Asks: 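Pasting a structure here, questions to come.
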Amino acid sequence: MNKSHTPYLLDSFFGLPVFTHRGPLISEYLHTLYKVIHQALNEHARVCAFRVDLRFPNNMDANIESCSNEAISR
């Protein structure tokens, strides 16, 4: 974990539920996401958000490239 990041372990953030069952979240990212969502809801009547997790196949051997941003940059 980056030394400038603050781990967040509580189950809610500004009254909204967050899932920390896989480990702590990063407080600075939560603040940024909250501001973006709040601003979008103030400017638009409807907002849709989704998340995509890109992963390597389970049968692929991990290497230094898979632990960096190089693969997604290609």
Side-chain angles (χ1 to χ4, degrees):
M1 185 173 250
N2 188 323
K3 291 180 182 180
S4 65
H5 292 161
T6 308
Y8 190 86
L9 297 167
L10 301 177
D11 61 355
S12 67
F13 187 80
F14 286 109
L16 299 170
V18 294
F19 300 104
T20 57
H21 62 279
R22 291 192 175 184
L25 300 173
I26 298 172
S27 182
E28 291 80 7
Y29 294 169
L30 288 173
H31 279 283
T32 301
L33 286 167
Y34 183 82
K35 287 187 332 188
V36 168
I37 291 169
H38 192 49
Q39 183 178 355
L41 289 170
N42 282 334
E43 293 182 18
H44 306 284
R46 296 180 185 162
V47 175
C48 177
F50 63 95
R51 172 183 148 168
V52 175
D53 292 326
L54 301 176
R55 300 177 188 268
F56 288 103
N58 287 336
N59 63 349
M60 184 175 179
D61 291 332
N63 57 33
I64 193 68
E65 183 181 280
S66 63
C67 298
S68 71
N69 291 333
E70 174 126 2
I72 195 67
S73 296
R74 284 188 284 142

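None of these values were measured; they are calculated from a predicted model.
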Asks: Among all residues two or more places apart in sequence or in another chain, which pass the side-chain contact (heavy atoms from CB on, under 4.5 Å) test with Leu41?
Replies: Ile37, Val47
Asks: NE2 of His31 to CZ of Phe14: how many Å apart, nearest 0.5 Å?
Replies: 5.0 Å
Asks: Do Phe19 and Leu10 share a hydrophobic cluster, counting only Ile, Leu, Val, Met, Phe, Trp and Tyr and linking them when any side-chain heavy atoms are less than 4.5 Å apart?
Replies: no
Asks: When the ring planes of Tyr34 and His38 are compared, do they come out parallel, tilted or perpendicular, using 30° and 60° as the limits?
Replies: parallel
Asks: Which pair of non-hydrogen atoms, one from Ser12 and one from Val18, has the smallest distance, and what is that distance?
Replies: N-CG2, 3.8 Å
Asks: For the atom pair CG (Leu30) and OH (Tyr8), what is the distance rounded to the nearest 0.5 Å?
Replies: 7.0 Å
Asks: Which atom names give the shortest non-hydrogen contact between Glu28 and His5, and what distance separates them?
Replies: OE1-CA, 3.6 Å
Asks: May I ask you to test the Leu25-Phe13 pair for a side-chain heavy-atom distance under 4.5 Å?
Replies: no
